[in-house]
**Q** 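Structure below; questions to follow.
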There are 2 protein chains.
Amino acid sequence: MQDPSTEQKILEAAISIFQKKGMAGTRMQEIADEAKINKAMLHYYFRSKQRLFEAVFMQAFQQLAPHVNEIFNADATVFEKVESFVDKYISFVLVNPYIPSFLIQEINNNPKFAQTFFSAHGVPDPSQFEQQIAEEIQQGILKPIDPKQFLLNLFSLTAFSFAANGLVKGLLNIDNETFMMMMEERKKLIPELIINSIKR
Amino acid sequence: MQDPSTEQKILEAAISIFQKKGMAGTRMQEIADEAKINKAMLHYYFRSKQRLFEAVFMQAFQQLAPHVNEIFNADATVFEKVESFVDKYISFVLVNPYIPSFLIQEINNNPKFAQTFFSAHGVPDPSQFEQQIAEEIQQGILKPIDPKQFLLNLFSLTAFSFAANGLVKGLLNIDNETFMMMMEERKKLIPELIINSIKR
DNA sequence: AAATGATTTAACCATATGGTTAACAAAAAT
DNA sequence: ATTTTTGTTAACCATATGGTTAAATCATTT
């Protein structure tokens, strides 16, 4: 059997480098150095840069997708799911700060790859959640709103700070410590703002 | 004198390629092909890839900065400036859809360059706007809010859709036409949401 | 212990890539 | 008209980069 620790070391190094520098900005040698192994091992275990990148992309996507799937499909009220989503997403991303910008960047830079990837592995499907929104509007719980605009507001408020981390810190003139404190505050702030905007 | 049209052709081609593929993903030859000129001309007019990139980055930044400066420093009420900012920003970015993701990506991928660039050219300074927020809170126009969180909400709601264009379209399952219509709607939707959340 | 198979390494290889140069052409200045 | 400056091109160069290979080492099986 193969030694799992080498493959694991490679993947961890690749995650660290790819997430910070992206596909185009990453050098195989840099991953090898980070993992402290011979460059040939990257190809031995992952065949090519593209394949290794795909493993990293997959891993990142599969970590974020459950959060989106939960708000799309879980059996709870919209209010409850908004609170849960914001809290869990921010907590997760505070520990994995490069994942949002990495995914967004690679999808933007390589639409064809994204298309192929999503066709093969599927994207979370918002239709059930949109149905739920329609029902809660019927029941008089929610104002009449466009569910897609609502989702866009939610994702924007939650993800932008991390996706545009560098720019946000520059424009607001804050250091990383302040940023992290603000993100903790946003766990309450965003649900309040969002829920207030949709409740009857 | 030099023929301005060649230098201009290069810059336009560079803008087109760099904004879509980023510094690391761009090839000088690709810019030359796009501009339909010899690759040596890129170096004749711009010396190096880095310098050409900086010209593109600068051009992008200088187009966005005035919008931010206006909300930070213009002499109008917070409500007025929110409405104006959202409308102008979305209008501008609908025509220049790659600028937000380009700036965000390059700042994230190259923090050192960003640092140097901002030190040399300056970032819009939010302090005066924060002062104005404090005053309007005193006057009972606004609820007590954190001005930085408020700005973050505004920027998030306005910029995220463009910064994460590909992901947004994938997750919401919308085509480009629908996206553009939604962005037009957001010119009214975002100010309503934002202003509602801060007015007394 | 010998044989077999998996893992690791250093040296290579082909190509891509940013950048340069020398010759040439076109304008401008004299 | 001739010299000088500016603009343009094709060929070239050095290095970086993704990827391969043959030999060596290590582990497992028999």
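In this text the structure is predicted, and so the values were computed from the model without any measurement. In the text below, chain A, chain B and the rest are named by the order of the sequence lines, each starting its count at 1.
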**Q** Over how many whole Å does the gap from B/Ile37 atom CD1 to C/dA25 atom P extend?
**A**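 It is 20 Å, rounded to the nearest whole Å.
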**Q** Show me, pair by pair, the donor-acceptor contacts under 3.5 angstrom made by side chains of residues 118-127 of chain B, not counting sequence neighbours?
**A**
residue: B/Ser119; atom: OG; partner: B/Gln115; partner atom: O; Å: 2.9
residue: B/His121; atom: ND1; partner: B/Phe117; partner atom: O; Å: 3.1
residue: B/Asp125; atom: OD1; partner: B/Ser127; partner atom: N; Å: 2.9
residue: B/Asp125; atom: OD1; partner: B/Ser127; partner atom: OG; Å: 3.1
residue: B/Asp125; atom: OD2; partner: B/Ser127; partner atom: OG; Å: 2.9

**Q** CG of B/Asn38 versus C1' of D/dC12: gap in Å, rounded?
**A**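 To the nearest whole Å, that distance equals 13 Å.
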**Q** Measure from CG on B/Leu42 to C1' on D/dT8 and round the result to the nearest Å.
**A** 12 Å
**Q** Specify the separation, in whole Å, of atom CE of A/Met41 and atom P of D/dT20.
**A**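 In whole Å, D/dT20 P lies 15 Å from A/Met41 CE.
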**Q** Using a cut-off of strictly less than 4.0 Å, decide whether B/Tyr44 has a side-chain nitrogen or oxygen near OP1 or OP2 of D/dT9.
**A**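 So the side chain of B/Tyr44 is outside the cut-off, no N or O lying under 4.0 Å from OP1 or OP2 of D/dT9.
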**Q** Enumerate donor-acceptor pairs with a distance under 3.5 Å from any side-chain N or O in residues 189-200 of chain A to protein atoms, sequence neighbours excluded.
**A**
residue: A/Ser197; atom: OG; partner: A/Ile194; partner atom: O; Å: 2.7

**Q** Rounding to a whole Å, what distance do you find between A/Lys36:NZ and C/dT8:P?
**A**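 So the two atoms are 16 Å apart, to the nearest Å.
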**Q** Is the closest side-chain donor-acceptor distance between B/Ser156 and B/Asn153 under 3.5 Å?
**A** no
**Q** Tell me, for nucleotides 13-19 of chain D in 5' to 3' order, what letter each nucleotide earns: B for a base near a protein heavy atom under 4.0 Å, S for only sugar-phosphate near one, - for neither?
**A** ----SBB
**Q** List, one per line, each side-chain donor-acceptor pair under 3.5 Å for residues 98-108 of chain A, sequence neighbours excluded.
**A**
residue: A/Ser101; atom: OG; partner: A/Tyr98; partner atom: O; Å: 3.2
residue: A/Gln105; atom: OE1; partner: B/Asn109; partner atom: ND2; Å: 3.3
residue: A/Gln105; atom: NE2; partner: B/Asn109; partner atom: OD1; Å: 3.0
residue: A/Glu106; atom: OE2; partner: A/Met23; partner atom: N; Å: 3.0
residue: A/Asn108; atom: OD1; partner: B/Gly166; partner atom: N; Å: 3.2
residue: A/Asn108; atom: ND2; partner: A/Ile104; partner atom: O; Å: 3.4
residue: A/Asn108; atom: ND2; partner: B/Ala163; partner atom: O; Å: 2.8

**Q** Sequence neighbours excluded, which residues qualify as salt bridge (Lys or Arg N to Asp or Glu O under 4.0 Å) partners of B/Glu83?
**A**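 With neighbours one apart ignored, the set is empty.
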**Q** Using the ring-ring contact (aromatic ring centres under 6.0 Å, His included) criterion, which residues pair with B/His43? Sequence neighbours excluded.
**A**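 Residues passing ring-ring contact (aromatic ring centres under 6.0 Å, His included) with B/His43: none at all.
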